[in-house]
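Heads up, the thing below is written out as structure tokens.
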Amino acid sequence: MTSSKMQGEMKAAEYAAGSLLTVAGLPVEEVAAILAATDRMERMAAAERAKILAGRRIALLFYESSTRTRTSFELAAKSLGAMTTLVSDKSSSIEKGESLKDTGLTLRALGAECIILRHANSGAPYLLAKLTGLPVLNAGDGMHEHPSQALLDLRTMLARLPGMSSRLVNAKTLDGVTVVITGDILHSRVARSNAMLLPRLGARVLLCGPAALLPVDALGLGSGVEIERDFDKALQQAQVVMMLRIQRERLAGLELDLADYISRYQLDQERLTARAPEALVMHPGPMIRGLEILGEVADGPNSAIEDQVRHGLGVRTALLARALSVGGFESVTA
Amino acid sequence: MSDILILNGRVVDPASGIDAERDVLLRHGRVAAVEMPGELRAVRGKEIIDAKGMIVAPGLVDVHVHLREPGQTYKESIKTGTEAAAAGGFTSVVAMPNTVPVNDSVSGLEWMLDAARGACVKLFAMPAATFGSLGEEITDYHELARAGAVGFTDDGKPILHDRVMRTALVAAAGIGVPISQHAEDTRLTGGCSMNAGPVAFRLGLRGMTVEAESKIVERDIRLLRDIERHDGLRPHLHVQHVSTAKAMEAIRQAKREGLHVTCEVAPHHFTLTDEAIGDYDTNAKMNPPLRNDADRQAMIAGLLDGTVDCIATDHAPHALFEKEQEFERAPNGITGLETALGLALRVLHQGNGMSISRVIELMSAQPAGILSLAGRGTLSVDSFADVVVFDPAAEWSFDVAKTRSKSRNTPFDGAPMLGRVSYTLSEGRVVFKS
């Protein structure tokens, strides 16, 4: 008897349709639908777009500070005409020890139809979705995932890589594309989401970093994911290079010599020009200029960092429409 | 108390070397006779249990349960916990000391063992090995043993300091009881909530390495060797809930060397792997954590080759609101008394060819032997009338809604089981009937 057989089947439909908790189970057709809706909404006149979620209530529940993700979701919701409310751990009953469950039930009782959750604990969005029955959008959970970031990164690649924009989004869209993700993979939810999403569209994901930040267990993320410790070798194969912040606050107990890290893994112009002059440079932010990346690269012609932020807004409007099954997503819940 | 006659069953009593059709007479709370079918029919004034098609075995013995009383009776009480034990076929359970307050005194131990607590099966207890289970100063082993302690443990926590562990082993050796160790080097597991490996990486959870377990086991074995050589004593180390191949191998070697080491494995560790966590299911969160399949197979191998001395549940009830939390914040532990026999028969007997007799031995005679529980774990004449009668062929699914425990934290809701308990008798009283 295999252990999976004995462990029983995963309970289906525990989470409301329109939830986005992980990219792992997201069918490629749904990815295509989300990106198509992103295009649609971006082309719409602002006044028309503002009718899509007019009068609907969306709660942003943020247990961790965030600038771009929170603002991006909030502006996306408002551009669709929704009413938003922000609950953060610093200024709410959470500070008094209220549980995630009770906070979620309170928001539901107040009429929230969708909750966007950022949380320091991996898996918290599953709990919230299960206990409230509401669609939940995972805006980053612990070291686990950041699904909307992976989708906006994908959209950025499709927009910027040569010959991609006209391609249909399917399992072969990124055939021949190697995406190098470099840095603190161990603590990065962005790395996990990208490493799980991009191979399903045909990309090869090369994870790069020292063992302390990139254990071999990362290969368990799935097929299409490989490890290359030598950044220069990785770069030579890259069409896309995604740099990650070194999370100093999470380095306690790890043996990492920052000076050594910088010499081996920092993306500077010289390295980029020598190894991958055409590669698209990405970074999910926040960036520490001078540590994992130099300013000249971040602001240079290869950089897609601002595109990522811009695309985040579009992708999140699509995710909100999908969460509330409007704007072309009416069939999701049918 | 009237006589009880159990007729037509297949008596499986490994301690007596019996696996055959026998009738059993229970009288005055003891086993009065075990005879060939038909020979006891003349006994008068008796209650009859027809055990046709059933196995009649010694009541099961669990050396590792948490009954949460005193202090946390919203999770479980001695009464409800022992009722769950009876439903699972257990007639002797050993309560761990991590109650509130910690059971580290004679008065605390006596209070726990008092009949007023309402235990419906025989309750034993292991008090704390150190005051407050803080790992610093050992408790009064002599006085506690006189009051009924069957061993000492800081369960839930390891005794980390070599010097304290050595003192504990020496003191326990003096009175012939084991030190039961929760083998976890907590200096290596801070912030960890599951097994280290690819699943933990994917879920973004910090993982406990197998070394966190094996290092403590290896350290304790070194201490045993040292005490045997230098103090002329023979201390008994009992390793709780072994979960890793590495620790299992260390125990196997220590046994070959002749050291007095025993160990237990919990049903969840030979049944599930860390994949069972699925979408952060806190009902699959326990300590030691569910490991990978190689470790799971090593637990089965250890059970088959005799390295493992007994099966113990580590029954650890928690209230729903405690488990309905973020995975990393939820408490460790699952209930286990009502699923242990069904899982052992399914996984070990049906799945891995272990004889039913051996499964019963690992759940009765062997655990009773480890703690020298006289008259328990056997149906030999004059032993306590602790009996379980079960249908070994019944396939069923565990339904947590019907649990006798106050808590429902189990990953086995709906899981298939083999072998269903029909009757449990504790010292001649029917304490469970299906």
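All values reported here derive from a predicted model rather than from experimental measurement.
Only the side chain of B:Tyr280 comes within contact range of chain A, with heavy atoms under 4.5 Å apart. For a residue to count as touching a neighbouring chain, one of its non-hydrogen atoms must lie under 4.5 Å from one of that chain's; by this rule B:Glu326 touches chain A with backbone and side chain alike. Only the side chain of A:Leu131 comes within contact range of chain B, with at least one heavy atom under 4.5 Å from a heavy atom of that chain. Proximity to chain B is absent for every atom of A:Leu128, based on heavy atoms less than 4.5 angstrom apart.
A:Ser148 places none of its side-chain heavy atoms less than 4.5 Å from the side chain of A:Leu137. In this structure the side chain of A:Met282 never reaches within 4.5 angstrom of the side chain of A:Val179, judged on heavy atoms. Looking only at side-chain heavy atoms (C-beta outward), B:Val242 and B:His269 stay at 4.5 Å or farther from each other.
Counting non-hydrogen atoms of neighbouring residues, nucleotides and ligands closer than 6.0 angstrom, the CZ atom of A:Arg229 exceeds 12 such neighbours.
Under a cutoff of 6.0 Å and an axis angle of 45°, A:Arg118 and A:Phe62 do not form a cation-pi pair.
Among A:Met196, A:Arg189, A:His119, A:Lys130, the residue with the largest count of heavy-atom pairs under 4.5 Å with chain B is A:His119. For the set B:Gly207, B:Gly204, B:Ala284, B:Gly197, the count of heavy-atom pairs under 4.5 angstrom toward chain A peaks at B:Gly204. Residue with the most contacts toward chain B among A:Gly220, A:Ala218, A:Pro215, A:Ala124: A:Ala218 (heavy-atom pairs, distance under 4.5 Å). Of the listed residues (A:Leu100, A:Leu21, A:Leu127), the one with the most heavy-atom contacts under 4.5 Å to chain B is A:Leu127.
Taking the six-membered ring where tryptophan is involved, the planes of A:Tyr126 and A:His144 are tilted, since the angle between them lies from 30° to 60°.
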